[in-house]
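All values derive from a computational prediction rather than experimental measurement. Below, read A as the first sequence line, B as the second, and so on, with proteins coming before strands; counting in each chain starts at 1.
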Protein chains: 2
Amino acid sequence: MRAPNHLDQTLLALADPTRRAILQRLSAGETRVTELAEPFAMSLNAVSKHIRVLERARLVHRRREGREHLLSFTPKPMDDVARWMDAQRANWSARLQALDDLLQAEDRAAASTPPDKKGRTR
Amino acid sequence: MRAPNHLDQTLLALADPTRRAILQRLSAGETRVTELAEPFAMSLNAVSKHIRVLERARLVHRRREGREHLLSFTPKPMDDVARWMDAQRANWSARLQALDDLLQAEDRAAASTPPDKKGRTR
DNA sequence: CTGATATTCAACCCTGAGGTTGAACAATGC
DNA sequence: GCATTGTTCAACCTCAGGGTTGAATATCAG
(Lines give C-alpha, C1' and ligand atoms only; values in the text may rest on other atoms or scores of the structure.)
Protein backbone atom coordinates (compact mmCIF):
# COMPACT_ATOMS: atom_id res chain seq x y z
CA MET A 1 0.00 0.00 0.00
CA ARG A 2 1.86 3.02 -1.28
CA ALA A 3 0.89 6.54 -0.34
CA PRO A 4 1.61 8.50 -3.50
CA ASN A 5 2.62 12.04 -2.71
CA HIS A 6 1.61 15.16 -4.58
CA LEU A 7 4.54 15.14 -6.97
CA ASP A 8 3.72 11.57 -7.95
CA GLN A 9 0.14 12.40 -8.70
CA THR A 10 0.93 15.58 -10.55
CA LEU A 11 3.58 14.02 -12.74
CA LEU A 12 1.42 10.98 -13.38
CA ALA A 13 -1.47 13.22 -14.36
CA LEU A 14 0.76 15.14 -16.75
CA ALA A 15 2.20 11.99 -18.32
CA ASP A 16 -0.67 11.58 -20.76
CA PRO A 17 -1.21 13.55 -23.95
CA THR A 18 -4.98 13.63 -23.57
CA ARG A 19 -4.69 15.14 -20.14
CA ARG A 20 -2.09 17.65 -21.25
CA ALA A 21 -4.40 18.66 -24.08
CA ILE A 22 -7.21 19.10 -21.58
CA LEU A 23 -5.06 21.36 -19.47
CA GLN A 24 -4.06 23.34 -22.51
CA ARG A 25 -7.69 23.81 -23.41
CA LEU A 26 -8.53 24.81 -19.85
CA SER A 27 -5.79 27.36 -19.65
CA ALA A 28 -7.81 29.27 -22.23
CA GLY A 29 -10.71 29.39 -19.80
CA GLU A 30 -13.40 27.47 -17.95
CA THR A 31 -15.01 24.73 -20.00
CA ARG A 32 -17.87 22.26 -19.61
CA VAL A 33 -17.10 18.55 -19.55
CA THR A 34 -18.94 17.71 -22.76
CA GLU A 35 -17.44 20.61 -24.62
CA LEU A 36 -14.03 19.57 -23.37
CA ALA A 37 -14.55 15.99 -24.50
CA GLU A 38 -15.79 16.84 -27.96
CA PRO A 39 -12.44 17.02 -29.83
CA PHE A 40 -11.21 13.68 -28.51
CA ALA A 41 -11.64 10.38 -30.30
CA MET A 42 -12.85 8.62 -27.19
CA SER A 43 -15.99 8.28 -25.18
CA LEU A 44 -17.21 10.98 -22.86
CA ASN A 45 -16.70 8.55 -20.04
CA ALA A 46 -13.04 8.19 -20.85
CA VAL A 47 -12.58 11.94 -20.74
CA SER A 48 -14.51 12.06 -17.49
CA LYS A 49 -11.98 9.66 -16.02
CA HIS A 50 -9.08 11.77 -17.24
CA ILE A 51 -10.65 14.73 -15.55
CA ARG A 52 -10.84 12.84 -12.29
CA VAL A 53 -7.13 12.12 -12.53
CA LEU A 54 -6.46 15.80 -13.04
CA GLU A 55 -8.67 16.68 -10.11
CA ARG A 56 -6.92 14.16 -7.91
CA ALA A 57 -3.70 15.94 -8.78
CA ARG A 58 -5.38 19.26 -8.00
CA LEU A 59 -4.56 20.52 -11.46
CA VAL A 60 -8.22 21.06 -12.23
CA HIS A 61 -11.02 22.54 -10.20
CA ARG A 62 -14.66 21.73 -10.75
CA ARG A 63 -17.49 24.18 -10.24
CA ARG A 64 -21.04 22.90 -10.56
CA GLU A 65 -23.58 25.20 -12.16
CA GLY A 66 -26.88 23.48 -12.53
CA ARG A 67 -26.29 20.29 -14.46
CA GLU A 68 -23.14 21.62 -16.02
CA HIS A 69 -19.75 21.07 -14.49
CA LEU A 70 -17.34 23.85 -15.27
CA LEU A 71 -13.68 22.98 -15.12
CA SER A 72 -10.77 25.32 -14.67
CA PHE A 73 -7.02 24.98 -14.57
CA THR A 74 -5.26 25.45 -11.23
CA PRO A 75 -1.53 25.68 -11.84
CA LYS A 76 -0.17 25.39 -8.33
CA PRO A 77 0.86 21.71 -8.53
CA MET A 78 2.90 22.51 -11.61
CA ASP A 79 4.81 25.06 -9.60
CA ASP A 80 5.77 22.28 -7.23
CA VAL A 81 7.02 20.20 -10.13
CA ALA A 82 8.98 23.16 -11.42
CA ARG A 83 10.55 23.64 -8.02
CA TRP A 84 11.59 20.00 -7.82
CA MET A 85 13.09 20.17 -11.27
CA ASP A 86 14.95 23.36 -10.50
CA ALA A 87 16.40 21.82 -7.36
CA GLN A 88 17.40 18.76 -9.31
CA ARG A 89 19.13 20.79 -11.95
CA ALA A 90 20.80 22.97 -9.36
CA ASN A 91 22.32 19.82 -7.86
CA TRP A 92 23.46 18.71 -11.23
CA SER A 93 25.04 22.04 -12.13
CA ALA A 94 26.70 22.31 -8.76
CA ARG A 95 28.27 18.91 -9.29
CA LEU A 96 29.45 19.82 -12.76
CA GLN A 97 30.86 23.06 -11.46
CA ALA A 98 32.72 21.24 -8.69
CA LEU A 99 34.08 18.78 -11.20
CA ASP A 100 35.20 21.61 -13.41
CA ASP A 101 36.94 23.37 -10.55
CA LEU A 102 38.70 20.16 -9.69
CA LEU A 103 39.90 19.65 -13.23
CA GLN A 104 41.18 23.19 -13.46
CA ALA A 105 43.04 22.77 -10.19
CA GLU A 106 44.64 19.65 -11.60
CA ASP A 107 45.60 21.51 -14.72
CA ARG A 108 47.28 24.22 -12.70
CA ALA A 109 49.13 21.58 -10.69
CA ALA A 110 50.19 19.86 -13.89
CA ALA A 111 51.41 23.14 -15.36
CA SER A 112 53.77 23.71 -12.43
CA THR A 113 55.13 20.14 -12.41
CA PRO A 114 56.67 18.07 -15.20
CA PRO A 115 53.77 17.21 -17.55
CA ASP A 116 53.33 13.48 -17.06
CA LYS A 117 50.40 12.39 -19.20
CA LYS A 118 47.15 13.68 -17.86
CA GLY A 119 44.40 11.63 -19.48
CA ARG A 120 41.57 14.15 -19.48
CA THR A 121 39.19 12.40 -21.84
CA ARG A 122 36.35 14.65 -23.03
CA MET B 1 -1.02 0.67 -29.96
CA ARG B 2 -0.08 4.11 -28.70
CA ALA B 3 3.19 5.80 -29.58
CA PRO B 4 4.12 7.58 -26.38
CA ASN B 5 6.12 10.69 -27.10
CA HIS B 6 9.11 11.92 -25.18
CA LEU B 7 7.17 14.10 -22.78
CA ASP B 8 4.99 11.15 -21.85
CA GLN B 9 7.94 8.96 -21.12
CA THR B 10 9.83 11.59 -19.22
CA LEU B 11 6.90 12.54 -17.02
CA LEU B 12 6.00 8.93 -16.45
CA ALA B 13 9.57 8.17 -15.47
CA LEU B 14 9.55 11.07 -13.02
CA ALA B 15 6.23 10.06 -11.49
CA ASP B 16 7.76 7.59 -9.09
CA PRO B 17 9.60 8.41 -5.86
CA THR B 18 12.12 5.61 -6.28
CA ARG B 19 13.10 6.89 -9.68
CA ARG B 20 13.28 10.48 -8.51
CA ALA B 21 15.53 9.34 -5.68
CA ILE B 22 17.72 7.55 -8.20
CA LEU B 23 18.05 10.71 -10.25
CA GLN B 24 18.85 12.71 -7.17
CA ARG B 25 21.59 10.25 -6.30
CA LEU B 26 22.91 10.34 -9.85
CA SER B 27 23.05 14.09 -9.97
CA ALA B 28 25.82 13.76 -7.40
CA GLY B 29 27.84 11.69 -9.85
CA GLU B 30 28.15 8.43 -11.75
CA THR B 31 27.12 5.38 -9.75
CA ARG B 32 27.14 1.61 -10.19
CA VAL B 33 23.85 -0.25 -10.33
CA THR B 34 24.38 -2.25 -7.15
CA GLU B 35 25.55 0.76 -5.23
CA LEU B 36 22.55 2.67 -6.46
CA ALA B 37 20.18 -0.08 -5.40
CA GLU B 38 21.62 -0.54 -1.95
CA PRO B 39 19.53 2.08 -0.04
CA PHE B 40 16.22 0.83 -1.41
CA ALA B 41 13.98 -1.67 0.30
CA MET B 42 13.48 -3.69 -2.82
CA SER B 43 15.31 -6.25 -4.87
CA LEU B 44 18.18 -5.34 -7.14
CA ASN B 45 16.03 -6.51 -10.01
CA ALA B 46 13.33 -4.00 -9.18
CA VAL B 47 15.86 -1.18 -9.22
CA SER B 48 17.24 -2.49 -12.49
CA LYS B 49 13.78 -2.14 -13.96
CA HIS B 50 13.44 1.40 -12.68
CA ILE B 51 16.74 2.21 -14.33
CA ARG B 52 15.43 0.88 -17.62
CA VAL B 53 12.46 3.20 -17.37
CA LEU B 54 14.81 6.11 -16.78
CA GLU B 55 16.94 5.07 -19.72
CA ARG B 56 13.91 4.77 -21.96
CA ALA B 57 13.13 8.37 -21.01
CA ARG B 58 16.75 9.28 -21.76
CA LEU B 59 17.14 10.67 -18.27
CA VAL B 60 19.94 8.25 -17.51
CA HIS B 61 22.90 7.14 -19.55
CA ARG B 62 24.68 3.85 -19.04
CA ARG B 63 28.39 3.33 -19.54
CA ARG B 64 29.78 -0.21 -19.28
CA GLU B 65 33.14 -0.62 -17.65
CA GLY B 66 34.02 -4.27 -17.32
CA ARG B 67 31.21 -5.95 -15.49
CA GLU B 68 30.13 -2.73 -13.86
CA HIS B 69 27.48 -0.51 -15.36
CA LEU B 70 28.01 3.13 -14.50
CA LEU B 71 24.95 5.34 -14.64
CA SER B 72 24.80 9.07 -15.03
CA PHE B 73 22.09 11.70 -15.10
CA THR B 74 21.33 13.39 -18.43
CA PRO B 75 19.05 16.35 -17.80
CA LYS B 76 17.97 17.23 -21.29
CA PRO B 77 14.52 15.60 -21.15
CA MET B 78 13.77 17.60 -18.04
CA ASP B 79 14.47 20.75 -20.00
CA ASP B 80 11.74 19.71 -22.40
CA VAL B 81 9.33 19.25 -19.54
CA ALA B 82 10.30 22.64 -18.19
CA ARG B 83 9.66 24.19 -21.58
CA TRP B 84 6.23 22.61 -21.82
CA MET B 85 5.33 23.82 -18.36
CA ASP B 86 6.54 27.32 -19.07
CA ALA B 87 4.45 27.46 -22.22
CA GLN B 88 1.47 26.19 -20.30
CA ARG B 89 1.86 28.79 -17.62
CA ALA B 90 2.41 31.51 -20.18
CA ASN B 91 -0.95 30.61 -21.71
CA TRP B 92 -2.56 30.69 -18.34
CA SER B 93 -1.11 34.04 -17.38
CA ALA B 94 -1.99 35.54 -20.73
CA ARG B 95 -5.57 34.47 -20.27
CA LEU B 96 -5.73 35.86 -16.75
CA GLN B 97 -4.28 39.09 -17.99
CA ALA B 98 -6.85 39.30 -20.77
CA LEU B 99 -9.63 38.59 -18.31
CA ASP B 100 -8.33 41.26 -16.03
CA ASP B 101 -8.21 43.80 -18.83
CA LEU B 102 -11.75 42.91 -19.77
CA LEU B 103 -13.06 43.31 -16.25
CA GLN B 104 -11.39 46.67 -15.90
CA ALA B 105 -12.91 47.82 -19.17
CA GLU B 106 -16.34 46.72 -17.96
CA ASP B 107 -15.86 48.53 -14.72
CA ARG B 108 -15.03 51.70 -16.56
CA ALA B 109 -18.11 51.25 -18.76
CA ALA B 110 -20.31 50.60 -15.72
CA ALA B 111 -19.02 53.73 -14.08
CA SER B 112 -20.14 55.86 -17.04
CA THR B 113 -23.62 54.28 -17.54
CA PRO B 114 -26.58 53.84 -15.14
CA PRO B 115 -26.13 50.48 -13.38
CA ASP B 116 -29.07 48.40 -14.68
CA LYS B 117 -28.67 45.07 -12.89
CA LYS B 118 -27.19 42.71 -15.38
CA GLY B 119 -27.14 39.31 -13.73
CA ARG B 120 -23.43 38.73 -13.71
CA THR B 121 -23.55 36.01 -11.07
CA ARG B 122 -20.34 36.07 -9.17
C1' DC C 1 -45.19 14.43 -15.04
C1' DT C 2 -42.29 13.58 -19.18
C1' DG C 3 -38.57 13.79 -22.05
C1' DA C 4 -34.08 15.51 -23.16
C1' DT C 5 -29.41 16.93 -21.69
C1' DA C 6 -25.16 16.78 -18.72
C1' DT C 7 -22.61 14.01 -16.12
C1' DT C 8 -21.16 10.21 -13.25
C1' DC C 9 -21.27 5.26 -11.49
C1' DA C 10 -20.51 0.38 -12.15
C1' DA C 11 -18.88 -3.51 -14.36
C1' DC C 12 -15.88 -5.28 -17.39
C1' DC C 13 -11.60 -5.92 -20.64
C1' DC C 14 -6.85 -5.60 -21.78
C1' DT C 15 -2.36 -4.03 -21.16
C1' DG C 16 1.49 -2.49 -18.67
C1' DA C 17 3.75 -1.09 -14.18
C1' DG C 18 6.07 -2.57 -10.24
C1' DG C 19 7.39 -6.14 -7.58
C1' DT C 20 9.15 -11.08 -6.69
C1' DT C 21 12.25 -15.30 -7.46
C1' DG C 22 15.38 -18.12 -10.04
C1' DA C 23 18.35 -18.73 -13.86
C1' DA C 24 21.62 -16.88 -17.27
C1' DC C 25 25.44 -14.16 -18.80
C1' DA C 26 29.85 -11.52 -18.39
C1' DA C 27 33.95 -10.11 -16.23
C1' DT C 28 37.20 -10.75 -12.38
C1' DG C 29 40.28 -13.22 -9.11
C1' DC C 30 42.59 -17.22 -7.92
C1' DG D 1 39.17 -24.07 -14.97
C1' DC D 2 36.30 -22.57 -11.09
C1' DA D 3 34.04 -19.71 -7.81
C1' DT D 4 32.55 -14.99 -7.08
C1' DT D 5 30.67 -10.60 -8.23
C1' DG D 6 27.74 -7.40 -11.11
C1' DT D 7 23.99 -7.25 -13.80
C1' DT D 8 20.24 -8.64 -16.79
C1' DC D 9 16.64 -11.96 -18.62
C1' DA D 10 12.46 -14.65 -18.02
C1' DA D 11 8.44 -16.04 -15.86
C1' DC D 12 5.14 -14.99 -12.84
C1' DC D 13 1.84 -12.22 -9.62
C1' DT D 14 -1.12 -8.36 -8.44
C1' DC D 15 -2.99 -4.07 -9.17
C1' DA D 16 -3.95 0.26 -11.48
C1' DG D 17 -4.54 2.83 -16.06
C1' DG D 18 -7.13 3.76 -19.89
C1' DG D 19 -10.69 2.36 -22.54
C1' DT D 20 -15.52 0.45 -23.46
C1' DT D 21 -20.76 0.00 -22.72
C1' DG D 22 -24.96 0.41 -20.14
C1' DA D 23 -27.45 2.16 -16.34
C1' DA D 24 -28.20 5.73 -12.80
C1' DT D 25 -28.57 10.51 -11.25
C1' DA D 26 -29.55 15.41 -11.54
C1' DT D 27 -31.16 19.34 -13.85
C1' DC D 28 -33.65 21.79 -17.31
C1' DA D 29 -37.58 22.59 -20.66
C1' DG D 30 -42.46 21.81 -21.84
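- A salt bridge is defined here as a Lys NZ or Arg NE, NH1 or NH2 lying under 4.0 Å from an Asp or Glu carboxylate O, and B:Glu65 with B:Arg32 fails to meet this definition.
- Between B:Ser48 and the phosphate of D:dT7, there is no side-chain N or O to OP1/OP2 separation shorter than 4.0 Å.
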Stepwise salt bridge (Lys or Arg N to Asp or Glu O under 4.0 Å) test for A:Arg83 and A:Asp86: CA-CA 5 Å; A:Arg83 259 200 306 283; A:Asp86 286 351; over 6 Å; no
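- Across all strands, B:Leu12 comes closer than 4.0 Å to no nucleic acid atom at all (heavy-atom distances).
- With hydrogens and angles ignored, no donor-acceptor pair closer than 3.5 Å exists between the side chain of A:Lys49 and the base of D:dG17.
- Phosphate contact (OP1/OP2 of D:dG6, side-chain N/O of B:His69, threshold under 4.0 Å): absent.
- Salt-bridge annotation for A:Asp79 and A:Lys76: absent, with no side-chain N of the basic residue lying under 4.0 Å from a carboxylate O of the acidic one.
- If you check every strand for non-hydrogen atoms under 4.0 Å, A:Arg64 touches nothing.
- Nearest heavy-atom pair, B:Arg58 versus B:Pro77, reported as atom, atom and distance to 0.1 Å: O-CG, 3.3 Å.
- Atoms CZ (B:Arg52) and C1' (C:dG19) sit 14 Å apart, rounded to a whole Å.
- In this entry the distance linking CG of B:Leu70 with C1' of C:dA27 reads 14 Å, nearest Å.
- Distances shown here put every side-chain N or O of B:Ser43 at or beyond 4.0 Å from the OP1 or OP2 atom of C:dG19.
- Per the geometry, CD belonging to A:Glu65 stands 19 Å off P belonging to D:dA26, to the nearest Å.
- We find that CZ of B:Arg56 is positioned 10 Å from P of C:dG16, with the value rounded to whole Å.
- As a whole-Å value, the separation of B:Leu44 CG from C:dA24 C1' is 14 Å.
- A donor-acceptor pair under 3.5 Å is absent between the side-chain atoms of A:Arg64 and the main chain of A:His69, judged by distance alone.
- As rounded to whole Å, 13 Å separates atom P of C:dA17 from atom CG of B:Leu54.
- Of the residues near DNA chain D, A:Arg67 and B:Arg62, the one whose nearest nucleotide (by heavy atom distance) lies more toward the 5' end is B:Arg62.
- Atom CG in B:Leu36 sits about 20 Å away from atom P in D:dT5, given to the nearest Å.
- In the set C:dT8, C:dT20, C:dG18, C:dG18 carries the atom at the smallest distance from any side-chain atom of B:Asp16.
- With rounding to whole Å, A:Asp8 atom CG is found 14 Å from D:dA16 atom P.
- Looking at the side chain of B:Val33, the nearest of the listed nucleotides D:dT20, D:dT7, C:dA6 is D:dT7.
- Not a single donor-acceptor pair, N or O on each side, falls under 3.5 Å between the base of C:dT7 and the side chain of A:Asn45.
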